[in-house]
Amino acid sequence: MKKHSKYLVTAALPYANSFIHTGHIAGAYLPPDIFVRYKRLNDEDVIFISGSDEHGTAIEMASIAENVTPREIIDRYHFANKKSFEDLGINFDIYSRTSNKIHHDTAQEFFLNIYNKNILVQKTDKQLFSEKENRFLADRFVTGTCPVCGYEEARGDECSNCGSNLSPLELINPRSKITGDIPVIKESTHYYFPLGDYQEKLEKWLDSKKGWKQNVMNYCKGWLKAGLRDRAVSRDLDWGVKIPVKGNEGKVIYVWFEAPMGYISATKELFIERNEPEKWKDYWMNEDTKLIHFIGKDNIVFHSLIFPATLMAHGGYILPDNVPANEFMNFEGEKQSKSKGTGVFVKDITAKFDPDVIRYTLASNMPENKDSEFVWKDLQVKNNSELAGILGNFINRTVVFTKNKFDNRIPEIKTIPETGNDILAFFKSQSEKLNELYDTFKFKDALLLTMDCVRAANKYFNDSEPWKVINTDKEKCGEIIRVCLELCHSIAILINPFLPFSSERILKILNVSDKDLKWNKIGKTILTAGNELGKNRILFPQIEDSEIEIQVQASSGGETVKTVSPQTGIITIEDFKKVSLKVAKVIECVPVPKSKKLLKLKLNLGTSEKQIVSGISEFYKPEDLIGKLVVVVDNLVPSKLMGVDSEGMLLAAKQNGELKIVTIDGDIQTGADVN
RNA sequence: GCCGGGAUAGCUCAGCUGGUUAGAGCGUCGGAAUCAUAAUCCGUAGGUCGGGGGUUCAAGUCCCUCUCCCGGUACCA
């Protein structure tokens, strides 16, 4: 029965306005890749889908902020992220993107289907409209004075000063963030999806689900308990999938509604590429297919309530069989966050370390049950003591022994020694235990069990003492080494889901094809006596302290410093000239509400003023700083910290938990260049 | 404020419906071994399971309460 089911595995569509970081990988991409690889070793029918989510306000905002087209933004992140996945061996069958025509067609068909059934309801709201730009302004495009605290730069959805939730209509003196002009109030009609109508169906459906993770169920129950409400499915925006109904010019399908359909359009695209354009239905519309969504916890309600409801509304589609969401992976005690500039981008870490080492580190510490922690030191420790020490060493000692004592050829085996049979049987039984772990998404346990096999292999080598036996009985020694070589092959299979690159390298070293790279060959003898081994190579070179130190230092700059790429070395004067340093006087200084370390500073730079947010409140009180002359980076790309705009960076020295800001020795005019 | 989730050995984490001396990996310390990337193997030590109270023959596991962290959500007109 199980044999005949198909698997349709999806990984969350990353939003194309930032680079993916290790937290994303550990939470939503490595787990499905491991799962899919395991299934493939078992010859199961599985396809693995993901792609970039490329519409919505945030991308349009980014494009305006950078004065480029949205297309430039999404291209930048789409291709970078696609490459990041490839570099890490996350092997999607297709990594598509929602800006593709096929996705627009699919989403519009979906919308029309539901629209034609009169499922959608229309509501009219007052919204701010910019006559200059001739369009409605999304919440985040509006800025104005907060009616609660009087802060003049409040956003349309939230005041970043006092934290109040706002509607753009409440703002005093609202302005367009793009052009600065004053918008007018205009009515706009939108379509809503009546999620509440599906409450009962969803509850019943969820009740029938066995084996879902507790955290996933909890999130859903929370929402159901609160009652599901209508959700707008259209928006006044340029950038997105147009509403395919007349009279809705300037409106697009709300991104939350359209994005998950990206899984469907990506599947269509995949089978068009494979010249089987109808075959996607065999997955999406086939009850024998198990649809599994791998996501992070932020996405739970979309994948286990909202998207299923829209699938129900359309009809004909299967619903997810499981949604194994993970928690988050933090970074050295902090959230991995774009706005805070903390975390490790995949593009940076893959430039420096072996993808399998990264995969191993992330997998062994996956946030399966609760938020977990990525620590640089861990990468070194895992590599040196586990990958190199246990795994790499076993392969290496076996291969080197074969080379030195058996002419680099696979020894004959007449009878397998009893202890050899034991270890092979142990491998087999472990592989059976692993089946259950993989099927229940317990990948951390699976990794431990996998490494147990390698440990046992080392023990077999030790206990058998081939280096002694070689002196008395070469044939028997050959049999021991032969068993070890067979174990190497089994290990190549066992580690394949986690360490695909190393798995391949082991096959190369053994000089065999991948035809026996099948789960049911674990613990089997498959090598051919007399065959010569391939060239040996060290699978996991030691990672030195210095290599890790560089990373730790590069990413410990605190909130105001972006994690830098792992690059060191000498720069030219031209490089340095790119940085504009100026003397500035602190004229105002207040803590950022709700933040732990942030101070908001208003600075006088002689001819101009600017606002900088700096993570120094643990070291300085606001009143200590007012009037001080400080040094700032004047031409840093602006960013937001805790929702507060920051237009530069304050220089400070930091060491061992101490921090001192850079000040000027004596009097000089503010705005003076520093070099 | 309300809802949910955390707080377990030096570090990173497991502990299902309550049940013998609380587990794993890594690290520490000691020993064995020397084929191997100073890599392996064996053994040892390490925790009043965030604090306090309660239910029970029995609680890390259930209940109450407090502290701290993390999400979500509301209000603050």
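Below, read A as the first sequence line, B as the second, and so on, with proteins coming before strands; counting in each chain starts at 1.
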Worksheet entry | Closest nucleotide among B:C13, B:U37, B:C70 to the A:D371 side chain |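 The closest nucleotide is B:C70.
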
Discussion item. Looking only at the side chain of A:W467 (C-beta and beyond, no hydrogens), which of the listed nucleotides B:C13, B:A39, B:C35 gets closest?
Written reply: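 That would be B:C35.
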
Worksheet item: Across the strands shown, which category fits A:F461 at heavy-atom distances under 4.0 angstrom: base, sugar-phosphate, nothing?
Response: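 It contacts base atoms.
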
Distance below 4.0 Å between [X] side-chain N/O and [N] OP1 or OP2:
X	N	value
A:K444	B:A14	yes
A:N369	B:A14	yes
A:K370	B:A7	yes
A:R455	B:C26	yes

Worksheet entry | Closest-nucleotide 5' rank along RNA chain B - winner of A:K468 and A:K297 |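 Upstream on the strand: A:K468.
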
Worksheet item: 5'-most contact on RNA chain B: A:F328 or A:P541, nearest heavy atom basis?
Response: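 Here A:P541 is the residue nearer the 5' end.
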
Give the rounded distance in Å between these two atoms: [atom1] of [X] and [atom2] of [N].
X	N	atom1	atom2	answer
A:E386	B:U12	CD	P	15 Å
A:Q542	B:A36	CD	P	16 Å
A:F401	B:A36	CZ	P	9 Å

Worksheet item: Is there a donor N/O on one and an acceptor N/O on the other, under 3.5 Å, for the side chain of A:N462 and the base of B:U40?
Response: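 Looking at the base of B:U40, it does pair with a donor or acceptor on the side chain of A:N462 (distance under 3.5 Å).
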
